[in-house]
Amino acid sequence: PITIVNDVRSIVMHGTSHKVLYNVGDALDTSVGEIEVTRAVGSAEVVALNDGRVAVTGFDSSAEVASLPLTVTFTENGIPATTTYNVEVRDMVTSLTMGDLLNKTVYKYNEPLDLTGATINVVRGSGSATIQVTSDMVSGYKPAILGDQTITVTYGGLTTSFVVTV
């Protein structure tokens, strides 16, 4: 018998569904994303990145990288075809909680907020840290309004809060 093989001519990334942003310590996610396989004859075929004929190599999330090139290899009939795409690895904040509260939580009318002693617990892909709260992180304090006030602390795109009384 004669076997006719419709050889793969090229592959390219298909669409924009593939994951391109990772946190330090993340695993490669091939559950989303596709390649377009063009053969010598016929229509192109869309193949998922997690298909058994596809291998994605070059991934390393152990440190931040602005543009990490990954190689996608599609192998059929023992013949590989490759393409590349870039991902970014950031050390993103994944959790934010209040650590130590302020030394002072009760204020007189029009008294400025004193952040002495206030810390936040920050969890990133690379690990945890305790950070001193600074004035540029806080919002919501109104020294001319009497009563309990919820003060918001924003860091790394996440927020937590604490209460003071004026």
Side-chain angles (χ1 to χ4, degrees), residues 11-37 46-52 54-74 82-166:
I11 65 170
V12 294
M13 295 306 297
H14 180 258
T16 57
S17 64
H18 50 283
K19 185 173 178 179
V20 294
L21 179 60
Y22 289 86
N23 199 4
V24 168
D26 280 355
L28 177 65
D29 181 3
T30 59
S31 67
V32 293
E34 301 167 327
I35 56 172
E36 184 175 286
V37 178
V46 175
V47 177
L49 287 179
N50 60 359
D51 183 285
V54 178
V56 181
T57 57
F59 184 75
D60 179 3
S61 68
S62 62
E64 287 186 301
V65 181
S67 185
L68 177 65
L70 303 185
T71 300
V72 180
T73 304
F74 176 82
T82 62
T83 189
T84 60
Y85 71 100
N86 293 325
V87 297
E88 180 179 358
V89 180
R90 293 185 193 162
D91 196 13
M92 296 178 282
V93 176
T94 59
S95 173
L96 181 66
T97 58
M98 283 305 299
D100 294 330
L101 294 179
L102 308 142
N103 292 347
K104 181 175 183 173
T105 59
V106 178
Y107 294 85
K108 295 177 183 171
Y109 180 83
N110 266 343
E111 185 177 5
L113 185 64
D114 180 1
L115 296 173
T116 303
T119 62
I120 50 175
N121 299 318
V122 178
V123 178
R124 297 177 175 271
S126 62
S128 302
T130 299
I131 297 174
Q132 195 74 33
V133 175
T134 60
S135 61
D136 61 327
M137 297 177 190
V138 298
S139 61
Y141 181 64
K142 296 178 177 41
I145 296 178
L146 298 176
D148 288 345
Q149 297 183 24
T150 300
I151 311 304
T152 301
V153 180
T154 303
Y155 184 85
L158 298 180
T159 61
T160 188
S161 62
F162 61 90
V163 176
V164 299
T165 303
V166 177

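Note that these values count all heavy atoms, side chains included, but never hydrogens, waters or copies made by symmetry. Being a predicted model, the structure only gives us computed values, none of them experimental.
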Can you confirm whether [X] sits close enough to [Y] that some side-chain heavy atom of one is under 4.5 Å from a side-chain heavy atom of the other?
X: Leu70; Y: Val72; value: no
X: Asn121; Y: Leu96; value: no
X: Tyr107; Y: Asp114; value: yes
X: Val133; Y: Tyr155; value: no
X: Glu36; Y: Ile11; value: no
X: Val24; Y: Ser61; value: no
X: Ile35; Y: Met13; value: yes
X: Lys19; Y: Asp26; value: yes

Would the distance check show the side chain of Thr119 and the main-chain N or O of Asp100 forming a donor-acceptor pair, the cut-off being under 3.5 Å?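 Here the side-chain-to-backbone pair exists.
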
Are any side-chain N or O atoms of Gln132 and backbone N or O atoms of Ala118, one a donor and one an acceptor, separated by less than 3.5 Å?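 Between the backbone of Ala118 and the side chain of Gln132 there is a qualifying donor-acceptor contact (under 3.5 Å).
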
Could you tell me which non-hydrogen atom of Glu34 sits nearest to which non-hydrogen atom of Ser17, and how far apart they are?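 For Glu34 and Ser17, the tightest heavy-atom pair comes out as N-OG, 4.3 Å.
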
Identify the heavy atoms of Val20 and Asn86 that sit nearest to each other, and give their distance. CG1-O, 3.8 Å

Under the criterion side-chain contact (heavy atoms from CB on, under 4.5 Å), which of Thr94, Val123, Val122 is the partner of Ser128?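 The passing option is Val123.
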
Just one of Ile131, Thr154, Ile151, Thr159 clears the side-chain contact (heavy atoms from CB on, under 4.5 Å) bar with Met137, so which one?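 Considering Ile131, Thr154, Ile151, Thr159, a side-chain contact (heavy atoms from CB on, under 4.5 Å) with Met137 is found only for Ile131.
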
For Val56 and Tyr85: C-alpha separation, side-chain torsions, deciding distance, then whether side-chain contact (heavy atoms from CB on, under 4.5 Å) applies. CA-CA 10 Å; Val56 181; Tyr85 71 100; 4.3 Å; yes

Could you walk me through whether Leu115 and Tyr141 pass the side-chain contact (heavy atoms from CB on, under 4.5 Å) check? CA-CA 11 Å; Leu115 296 173; Tyr141 181 64; over 6 Å; no

My understanding is that only residues two or more places apart in sequence, or in another chain, count here; which of them pass salt bridge (Lys or Arg N to Asp or Glu O under 4.0 Å) with Glu64?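 Salt bridge (Lys or Arg N to Asp or Glu O under 4.0 Å) check on Glu64 returns nothing, list empty.
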
Start with the C-alpha gap between Val32 and His18, add the side-chain angles, then the distance that decides, and say whether side-chain contact (heavy atoms from CB on, under 4.5 Å) holds. CA-CA 5 Å; Val32 293; His18 50 283; 5.6 Å; no

